Each structure stands twice: as C-alpha cells, then as structure tokens.
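Can you read through this structure? Questions will come right after.
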Amino acid sequence: MTIGIIGSGAIGTAFARTLARAGIAATISNSRGPDSLKELVRELGPSIKAGTREEAGRADVVFVAVNWTKLPAALASLPDWNGRIVIDGNNPIEAPLFKPVDLKDRVSSEVFADLVPGARVVKAFNHLRAEVLATDPSADGGRRVLFYSGNDGAAKAEVAALIERIGFVGIDLGSLAVGGKLAQFPGGPLPNQNLVKIG
Ligand SMILES: NC(=O)c1ccc[n+]([C@@H]2O[C@H](COP(=O)([O-])OP(=O)(O)OC[C@H]3O[C@@H](n4cnc5c(N)ncnc54)[C@H](OP(=O)(O)O)[C@@H]3O)[C@@H](O)[C@H]2O)c1
C-alpha cells in the first residue's frame, strides 16, 4: 500500500511525522514542489520522500491537508480516483480570519468528497491541533484516540489499521454525515478533545 500526502503544512507534516515514527513509507507534496521539501524530509527521516502533487496523488491512499479554499486547486487534474482511499484531514475554516465556511447545510467531508469523485473518502486526523497529533501517541499510560468516519466500510477498515499501526486508538464514528459532523471544526463537539484510552 503506497501513501501520498498533499499538503506539507502543520497537519500534513504532523501526519508524516506519525508515519515516520512507525517507519512507514510515504511521499509528501505541496504547491511549491519537492525542492522546497528537502529540509523537511531530511528531518523526518528515510521513510518519507518529497514528491510532486501528482506523485503523491497517485498513491493507493492519499492524505489531504490543505487550506480549505485551496482544496480545488490542490485536487485538480490528478489521476482518476477509481476507488482509491482519500483521507480528509481538513476543516472548513481558514487562517487568518478563521471565518467558518458556508457549507450550505452539508458536512465538510461531503463537500470535500465532491472534489475527489470516485474516491472512498475517510475523514480522520482532523480533530487535534497539529502539535498534539505530531507527538508520541503513547501518553498517560494509554494511547491517544483518533476518530474516523466514512461511507465505505472496507476503506474505513484500512484507515483504522493504519491508525493502530502508528500507535493510536481509532474510534469509528459512523458515516461522513454523522461522524464527519461530530469531528468537524467548527460545528462538532469532538475537535480538540485530546483523549487517551487507558488499557
Ligand atoms: N493546523 C492545525 O492544527 C489543524 C488541525 C486540524 C485540521 N487542520 C486542517 O488541515 C488543513 C491544513 O491545515 P494546516 O494548518 O496544515 O495548513 P498550512 O500549515 O497552511 O499548510 C497548508 C498546506 O497546503 C499546501 N497547499 C496549498 N495549495 C496547494 C496546492 N494547490 N497543491 C498542493 N498543496 C497545496 C501548502 O503548500 P505550499 O506552502 O507549498 O503552498 C501547505 O503545505 C486545513 O483544512 C485545516 O483546517 C489544521
């Protein structure tokens, strides 16, 4: 299973760091190209490579963490999704104004899914601040919790296995409409709940 990352900012880097800690290979990308990522991948270690957006976007599993208004450009003209898994790590709000996006009564992951037609979207890795996500998930005698939601059970099972492999405890919140909303910032009750499962 290959993993690509689109977005090398706070969350894309935090996700890459969790993979690197577990020695899992991935290709990370941004809008400026692989040369701009040389220092980052050197720091992350040998399992994480810098690539183009197109290289990251053709992986079996593509993790996306891009500023909300830049998602259409970041996801344009990539190879057909064809049932591949896309992890939506985004929230519908953007610095510096932090003005919530008008989603017209939809859940942000459903709006996101329209940008990756044919992909199996799983919402995950979006409920914690980047600096918390990046830290060792073994904490306080337990393991830090990550939530995931999606409409395809097999895709969720693959993301759940990845979450376990990198040392977190995964909790299935259900469909995008239900679980996506619970974990979405703003709007849901779960963002920034830094939970640790003991035992
Ligand atoms: N920061 C948090 O603590 C946090 C927590 C949970 C969820 N989130 C969500 O995660 C997403 C990313 O947030 P962030 O804080 O990581 O943002 P960020 O630090 O500003 O990073 C955004 C990344 O998106 C890339 N990007 C922009 N346009 C692109 C394009 N056309 N093609 C490829 N890459 C492109 C940028 O690359 P360039 O710099 O090369 O343009 C940059 O690497 C947002 O939806 C945010 O709501 C953030």
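Start at 1 and go down the list; that is how both ligands and their atoms are numbered. Only a predicted model underlies this, so the values are computations on that prediction, with no experimental measurement involved.
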In this structure, would Ile3 and Val159 fall into the same cluster of hydrophobic residues linked by side-chain contacts under 4.5 Å?
yes
Reported CZ-to-CZ distance for the pair Arg143 and Phe168, which is rounded to 0.5 angstrom:
10.5 Å
Check for me, please, whether Ile11 and Ile6 land in the same ILVMFWY cluster - side-chain distances under 4.5 Å, paths through other members count.
no
Under 4.0 Å from ligand 1, counting heavy atoms only, is it the side chain of Arg32, its backbone, both or neither?
both
Considering heavy atoms of the protein only, find what lies nearest to atom 25 (C) of ligand 1 and give residue, atom and distance to 0.1 Å.
Gly7 CA, 4.0 Å
What about Asn90: any of its N or O atoms under 3.5 Å from an N or O on ligand 1?
yes
Determine whether Trp68 and Val121 fall in the same hydrophobic cluster, where Ile, Leu, Val, Met, Phe, Trp and Tyr are linked whenever their side-chain heavy atoms lie under 4.5 Å apart.
yes
Going by the atom numbers of ligand 1, which of them fall below 4.0 Å from some non-hydrogen atom of Lys70?
27 (C), 28 (N)
Parallel, tilted or perpendicular: ring planes of Phe15 versus Phe125, cut at 30 and 60 degrees:
perpendicular
Taking distance alone, with no angle check, do Ser31 and ligand 1 share an N/O pair under 3.5 Å?
yes
According to a hydrophobic-cluster definition based on side-chain heavy atoms being under 4.5 Å apart (Ile, Leu, Val, Met, Phe, Trp, Tyr only), do Val107 and Leu182 belong together?
no
Closest approach of any protein heavy atom to atom 46 (C) of ligand 1, naming residue and atom
Asn91 N, 3.9 Å
Contact (N/O only, under 3.5 Å) between Ala10 and ligand 1:
yes
Any idea which of Gly57, Ser36, Ala65, Ala130 brings a heavy atom closest to atom 23 (C) of ligand 1?
Ala65
Below 4.0 angstrom from a heavy atom of Ile93, which ligand 1 atoms are there? Numbered from 1 as shown, please.
47 (O)
Identify the protein heavy atom lying closest to atom 37 (O) of ligand 1, giving its residue, its atom name and the separation to 0.1 Å.
Asn30 CB, 3.4 Å
Could an N or O of ligand 1 be found under 3.5 Å from any N or O of Ser8, whether backbone or side chain?
yes
May I ask you to check whether Ile11 has an N/O atom sitting below 3.5 Å from an N/O atom of ligand 1?
yes
Identify the protein heavy atom lying closest to atom 22 (C) of ligand 1, giving its residue, its atom name and the separation to 0.1 Å.
Asn67 OD1, 3.4 Å
Assigning hydrophobic clusters by single linkage (Ile, Leu, Val, Met, Phe, Trp, Tyr; side-chain heavy-atom cutoff under 4.5 Å), is Leu71 placed with Val111?
yes
Ile5 CD1 to Phe63 CZ distance, which is reported to the nearest 0.5 Å:
7.5 Å
Answer yes or no for atom 31 (N) of ligand 1: protein heavy atom present at a distance under 4.0 Å?
yes
To the nearest 0.5 Å, what is the distance between CD on Glu94 and NZ on Lys99?
11.5 Å
Could you state the interatomic distance from CG (Leu173) to NZ (Lys156), rounded to the nearest 0.5 Å?
8.0 Å
I'd like to check which ligand 1 atoms, numbered from 1 as shown, lie under 4.0 Å from a non-hydrogen atom of Arg129.
3 (O)
Residue, atom and distance of the protein heavy atom nearest atom 9 (C) of ligand 1 read Gly89 O, 3.6 Å
Hey, does the side chain of Asn30 reach the backbone of Gly33 with a donor-acceptor pair shorter than 3.5 angstrom?
yes
At what distance is the nearest protein heavy atom to atom 21 (O) of ligand 1, and which residue and atom is it?
Gly9 CA, 3.2 Å
Full working for side-chain contact (heavy atoms from CB on, under 4.5 Å) between Thr2 and Val61:
CA-CA 6 Å; Thr2 57; Val61 174; over 6 Å; no
Any N or O of Asn126 closer than 3.5 Å to N or O of ligand 1
no
4.0 Å heavy-atom contact, Leu128 with ligand 1:
yes
Heavy-atom distance to atom 11 (C) of ligand 1: which of Asn192, Leu40, Val66 wins?
Val66
Report the part of Leu133 (side chain from C-beta onward, or backbone N, CA, C, O) that has a heavy atom under 4.0 Å from ligand 1; answer both or neither where that applies.
neither
Polar contact flag for Arg53 and ligand 1 (N/O pairs, less than 3.5 Å)
no
Please round to the nearest 0.5 Å and tell me the distance separating atom CD1 of Ile48 and atom CD of Glu43.
11.5 Å
